[in-house]
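Not measured: the values here are computed from a predicted model.
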Amino acid sequence: MAAKIEVDTETGYWLWTGSCNGEGRSGYGQVSYEGKTQLVHRVVFRSPVGEIPEGFQVRHADPWGRHYTLCCKPDHLEAVPKWEALRRRDWEGARARRTHCPNGHAYTPEHSYRDPEGSGSAGGVAPRGSRAAGFPRPCEIS
């Protein structure tokens, strides 16, 4: 595994350069470990700490305050309850990165609406059918 880790001297990140389950910064490193494909940051976290407690998730908690999925430095990882991981998630950023609904339709101005309340977001623009919490509803476009 160590051969697939590259240290960024500027940030201190340990960047996974092997296989990923997504594209670019949105993907998580993955490795075959103990006979199955597992996420690298979870494998690395378990090495010095032991098993991840039931109901907890390993979260990237680097000192720069960013959530960088390819980093697997143990000092940048922490186990938190699932509710805390969800609370810390960048919902607005995740929504902004979505370009298509689950049915493959592009989010365009014609297929979006401006929430008059703003839903606490900058500009209040949300894909049609989305809820304030950022979870999509089934596509309303036929």
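For the pair His76 and His60, the minimum side-chain heavy-atom distance is 4.5 Å or more. Residues Val58 and Glu78 fail the side-chain proximity criterion, which asks for heavy atoms closer than 4.5 Å. Between Val31 and Met1, some side-chain heavy-atom pair lies under the 4.5 Å cut-off.
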Kindly indicate, with the supporting measurements, whether the criterion side-chain contact (heavy atoms from CB on, under 4.5 Å) is fulfilled by Ile5 and Trp16.
CA-CA 5 Å; Ile5 297 172; Trp16 179 251; 3.9 Å; yes
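Partners of Ser19 by side-chain hydrogen bond (donor to acceptor under 3.5 Å, both in side chains), not counting sequence neighbours, listed by chain and number: Gln30. For the salt bridge (Lys or Arg N to Asp or Glu O under 4.0 Å) test, residues two or more places apart in sequence or in another chain that qualify with Glu84 are Arg87, Arg88.
Note: the hydrophobic cluster containing Ile52 does not contain Val80 (ILVMFWY, side chain heavy atoms under 4.5 Å, direct or indirect links).
For the residue pair Leu70 and Gly29, the shortest heavy atom distance occurs at CD2-N, 4.0 Å. Considering every non-hydrogen atom in both Trp14 and Pro74, the closest pair reads CZ3-CD, 3.4 Å. When all heavy atoms are compared, the tightest approach of Tyr13 to Thr11 is CD1-OG1, 2.9 Å.
Distance alone, capped at 3.5 Å, is enough to place a donor-acceptor pair between the Asn21 side chain and the Tyr28 backbone.
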Which pairs would a plain distance check flag for residues 32-45, meaning a side-chain donor or acceptor within less than 3.5 Å of a matching protein atom at least two apart in sequence or in another chain?
unit_1	atom_1	unit_2	atom_2	d
Gln38	OE1	Arg46	NH1	3.1
Gln38	OE1	Arg46	NH2	3.1
Gln38	NE2	Tyr33	O	2.9

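The distance from the SG atom of Cys72 to the CG atom of Leu15 is 8.0 Å, given to the nearest 0.5 Å.
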